[in-house]
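Report on one structure; see the data block that follows.
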Amino acid sequence: MTSDTIFALSSAPGRAALSVVRLSGPAAGEALQAMTGRRLPEPRRGVLSRVRDPESDETLDYALVLWFPGPKSETGEDIAELQLHGAPSVVAAVLQALGRLPGLRPAEAGEFTRRAFLNGRMDLTAVEGLADLIAAETALQRRQALLQAGGALARRAAEWRARRLRQLAELEAVIDFPEEDLPPEAAAALGEESAAVAREMEVAVAGAARGERLRQGLRVVLLGPPNAGKSTLLNALAGRDAAIVAETPGTTRDVLEVALDLGGVPVTLVDTAGLRAAAADAVEAEGMRRSRLQAEAGDILLWLEDGSAPPEREAAGLLPEAGVLTGAGGSALLRVATKADRPDFMDRPVDLIISVRTGRGLSDLESRLRSLAEGLLWSGAGAAPLVTRERQRAAVAEAAAALRRLPTAAGPELQAEELRAALQALGRLVGRVDVEDLLEVIFRDFCIGK
């Protein structure tokens, strides 16, 4: 338990119907009594009360107040909550009055959640899930964050840990009583069980890339020769004029990014400079270099080609088959012929034919993008990735590697060391050991009041 008491606005700032101010710490109860001039309400039961300035007794608001005594509270400490009217002047007056009370100070970013972690009310994976939930912008991001915040990975880690602890106890018994050798069948079962758990961990690690993609959003990169309609398509998908469009080839010289919610899938749409055999000047050459870098980093690549123009790009070696468009991590690729409304449009072997002007093929394109995105992010109906961050991936991978080494370790002492290494890695995963250096990194992106 900490010695000071923190307070903060926990709802969004600005004008609103309601605003919530929370306090956490040993002086939370005294502060609530000072602000209301009455006894503490019954725990976890809202009471309508006058909220006043303790110094002047001026009425600041009439609000619903709640009292959550620790340790059975969100932070594990005493918590008080004021559900105020959402006028900025009301919130400002209440925060100023709280700041004048002894033993109280404004909360730092993420400090409520940090206290919940330090007091054992949340593990580190749940903290990270809460951070992801706060940042979630689409339905799929919300689903994944809720699973993490609800303890999906922590529960699996607890299962893995319990199974390893049983094996460690057996090995410790053999070490303590060397005359009692581990029976051959027990040794074989130990190796098989370790391999089985290692396989489960490796499956979770294999899904880490999908978890990271979902947290950060997929990158859909528009590529193709100059004047193929990349910027026009970006504007159509974004629903606004985000990019300059002109008939002059080479209008786009730099990378332009637009964030989209594609049916619940978080997507960053990337417009790039046109690719051709030779750049007209140094600026266009730099734009083409950046286009190729975006292709390497993209999750889904859309190669656009003007269906009304001759395929001159084939001579320049710019088609996807030429190897220019090899994205990292096995990017999905769609070839799209544009400007299908023009009379000189020519059919060609592509995945989709579209016309932004008439709308032809746009709904099919969005459906294909959504299907590709969900395939990259989700492994079957409802099968969300357990591991969603590099820190988590590294811890689970380390535990799996230790278990893989166990069957070949010479003697029960070294086998026990491998089990301890696996358990320590799982401890770091949920925040039980060696995490102090990580806390500042994890909590720095939290908002004040959470």
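Positions are given from 1, in the same order as the sequence printed here.
Sorted by first and then second residue, the salt bridge (charged side-chain N to carboxylate O under 4.0 Å, His left out) pairs with a member in residues 16-25 read R22-E74; sequence neighbours excluded. Applying the side chain to side chain donor-acceptor pair (under 3.5 Å) test to pairs two or more places apart or on separate chains, those with a residue in residues 81-99 are D61-H85, E81-Q83.
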(message) The test is side-chain hydrogen bond (donor to acceptor under 3.5 Å, both in side chains); show your working for S24 and E77 and say whether it passes.
(response) CA-CA 6 Å; S24 180; E77 303 175 330; 2.7 Å; yes
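Salt bridge present: R289 and E286 bring a charged side-chain N and a carboxylate O closer than 4.0 Å. Salt-bridge formation is not detected for the pair R215/E128: no Lys NZ or Arg NE/NH1/NH2 atom is positioned less than 4.0 Å from an Asp or Glu carboxylate oxygen. A salt bridge between R292 and E296 is absent, with no side-chain N of the basic residue lying under 4.0 Å from a carboxylate O of the acidic one. A salt bridge is absent between R114 and E108: the closest approach of a Lys/Arg side-chain nitrogen to an acidic carboxylate oxygen does not fall below 4.0 angstrom.
For the side-chain hydrogen bond (donor to acceptor under 3.5 Å, both in side chains) test, no residue two or more places apart in sequence or in another chain qualifies with T338. With sequence neighbours excluded, no residue forms a salt bridge (charged side-chain N to carboxylate O under 4.0 Å, His left out) with D351. Not counting sequence neighbours, the partners of E390 by the side-chain contact (heavy atoms from CB on, under 4.5 Å) test are E212, R393, A394. In terms of the side-chain contact (heavy atoms from CB on, under 4.5 Å) criterion, A12 has no residue partners (sequence neighbours excluded). Residues that satisfy the side-chain contact (heavy atoms from CB on, under 4.5 Å) test with R15, not counting sequence neighbours, are P88. Legend: residues meeting side-chain hydrogen bond (donor to acceptor under 3.5 Å, both in side chains) with T125, ordered by chain and number and at least two apart, are D123. With sequence neighbours excluded, no residue forms a side-chain hydrogen bond (donor to acceptor under 3.5 Å, both in side chains) with S10. Residues satisfying the side-chain hydrogen bond (donor to acceptor under 3.5 Å, both in side chains) test with E200, not counting sequence neighbours, are W160, R163. Residues satisfying the salt bridge (charged side-chain N to carboxylate O under 4.0 Å, His left out) criterion with R405, sequence neighbours excluded, are E418. Partners of R155 according to the salt bridge (charged side-chain N to carboxylate O under 4.0 Å, His left out) rule, which considers only residues two or more places apart in sequence or in another chain, do not exist here.
For the pair L234 and V270, the tightest heavy-atom approach, listed with the atom from each and the gap, is CD1-C, 4.4 Å.
No hydrogens or angles considered: a donor-acceptor pair under 3.5 Å links the side chains of Q148 and T388.
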